[in-house]
Amino acid sequence: MTRRPRRFAAGAAAATAVAAALTGCMGAEEPKPRPSPTTSTQAVRLTAPEIRPGHHRIASGGPRRGSWDLGDVTLAKGISWVNVNCVAAAGKGKITLAIDTVGKFSIECPSHEVRVNVNQLDLAEGRQGRFRIETTDHIQWIADIQIPD
């Protein structure tokens with residue numbers, strides 16, 4: 001009788017060892033999930049730029065990806081604001097905002113957070129021009145121009 005429990009114990013130990021080995025093998029064969037390139041932008045939410053006190057929005061666009069023409073704008077004498085909030089789908093990217101008669105500027109857009117960029121224009125006289133956004137399709141953005149009331 002003493003042999004039976006030992007055999008059973010030895011058989012149970014062997015079965016446990018085999019089960020542990022199989023579990024370890026099965027775990028090693030399972031593919032590990034990888035984040036997709038757009039994972040970071042899915043968690044980041046773009047919101048429209050805030051309207052500054054004493055100003056109103058004359059042109060805006062977004063949220064959108066890639067280049068876009070926001071049309072003709074008439075800028076008033078004094079302080080106007082050109083705003084852009086952007087985020088890249090992966091890595092980082094660049095966005096350029098252009099107003100024909102005023103100029104253009106570029107900013108970098110990271111993928112881990114929304115870049116909020118506010119640019120002040122202090123014009124000695126009013127001007128007209130076309131407002132354009134130049135970027136690639138992996139950049140998502142919201143932009144506007146605000147002029148004095």
Side-chain angles (χ1 to χ4, degrees), residues 9 11-149:
T16 303
V18 169
L22 287 175
T23 303
C25 289
M26 289 172 58
E29 292 176 10
E30 291 180 17
K32 293 181 181 179
R34 291 186 198 170
S36 68
T38 59
T39 299
S40 60
T41 59
Q42 291 171 354
V44 176
R45 184 169 176 236
L46 284 174
T47 57
E50 293 182 22
I51 296 180
R52 300 188 68 81
H55 289 76
H56 64 277
R57 195 174 277 145
I58 60 166
S60 64
R64 181 173 298 283
R65 291 185 181 278
S67 296
W68 195 256
D69 186 326
L70 286 95
D72 292 324
V73 294
T74 301
L75 300 171
K77 176 182 177 180
I79 295 176
S80 295
W81 298 91
V82 179
N83 309 289
V84 64
N85 299 345
C86 64
V87 65
K92 63 181 177 180
K94 187 166 80 169
I95 187 169
T96 301
L97 289 83
I99 304 170
D100 293 341
T101 60
V102 178
K104 63 182 176 178
F105 61 93
S106 297
I107 61 169
E108 286 191 7
C109 303
S111 64
H112 60 283
E113 66 184 1
V114 173
R115 171 69 43 93
V116 175
N117 195 290
V118 178
N119 296 276
Q120 181 181 21
L121 301 175
D122 191 359
L123 301 176
E125 59 186 45
R127 295 186 186 177
Q128 291 185 331
R130 194 146 198 93
F131 183 34
R132 294 182 324 275
I133 304 291
E134 301 165 358
T135 190
T136 62
D137 287 340
H138 86 286
I139 302 294
Q140 185 178 21
W141 55 267
I142 294 178
D144 75 6
I145 295 180
Q146 300 173 23
I147 63 171
D149 290 335

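Worth saying up front: this structure is predicted, and the values here are computed from it rather than measured. Hydrogens, waters and symmetry mates are skipped; everything else that's a heavy atom, side chains included, is used.
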Inter-residue atom distance [X].[atom1] - [Y].[atom2], 0.5 Å rounding:
{"X": "Asn83", "Y": "Gln146", "atom1": "CG", "atom2": "CD", "answer": "5.0 Å"}
{"X": "Asp137", "Y": "Arg65", "atom1": "CG", "atom2": "CZ", "answer": "8.5 Å"}
{"X": "Phe131", "Y": "Asp72", "atom1": "CZ", "atom2": "CG", "answer": "12.5 Å"}
{"X": "Ile142", "Y": "Arg64", "atom1": "CD1", "atom2": "CZ", "answer": "11.0 Å"}
{"X": "Leu123", "Y": "Leu75", "atom1": "CG", "atom2": "CG", "answer": "6.0 Å"}

For this session: Looking only at non-hydrogen atoms, find the nearest pair between Glu50 and Arg57 and report the distance.
Result: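 Shortest heavy-atom separation between Glu50 and Arg57 comes out as C-NH2, 4.4 Å.
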
Exercise. For the residue pair Ile51 and His56, what are the closest heavy atoms and their distance?
Worked result: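 What the structure gives for the nearest pair is CG2-CA, 4.5 Å.
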
Exercise. Have Thr74 and Gln128 got a donor and an acceptor in their side chains that come within less than 3.5 Å?
Worked result: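 Judged by distance alone, the side chains do pair up.
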
Exercise. Does a side chain donor of either Gln120 or Asp122 reach within less than 3.5 Å of an acceptor in the other side chain?
Worked result: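 Not at all, the side chains of Gln120 and Asp122 share no donor-acceptor pair under 3.5 Å.
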
For this session: Scan Asn119, Leu70, Ile99 and name whichever one has a side-chain contact (heavy atoms from CB on, under 4.5 Å) with Ile145.
Result: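 Going through Asn119, Leu70, Ile99 one by one, the side-chain contact (heavy atoms from CB on, under 4.5 Å) with Ile145 is satisfied by Ile99 alone.
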
For this session: Count the heavy atoms of every other residue, nucleotide or ligand shown that sit under 6.0 Å from CD of Glu113, and state whether that count exceeds 12.
Result: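 Check passes, neighbour count above 12.
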
Exercise. Checking Gln140 side chain against Leu46 main chain: does a donor-acceptor pair fall under 3.5 Å?
Worked result: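 Not a single qualifying donor-acceptor pair exists.
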
Exercise. Is the side chain of Trp141 donor-acceptor paired with the backbone N or O of Gly66 at a distance under 3.5 Å, no angle test?
Worked result: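 A pair under 3.5 Å: yes.
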
Let me have the donor-acceptor pairs involving side chains of residues 85-98, under 3.5 Å, with sequence neighbours excluded, atom names and distances please.
from  : atom 1 : to     : atom 2 : distance (Å)
Asn85 : ND2    : Thr47  : O      : 2.7
Lys92 : NZ     : Glu108 : OE1    : 3.3
Thr96 : OG1    : Ser106 : OG     : 2.6

Exercise. So do the side chains of Asp100 and Arg132 get within less than 4.5 Å of each other, counting heavy atoms only?
Worked result: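 Side chain of Asp100 against side chain of Arg132, heavy atoms only: contact under 4.5 Å found.
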
Exercise. Residues in side-chain contact (heavy atoms from CB on, under 4.5 Å) with Thr136, at least two apart?
Worked result: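 side-chain contact (heavy atoms from CB on, under 4.5 Å) check on Thr136 returns His138, Ile139.
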
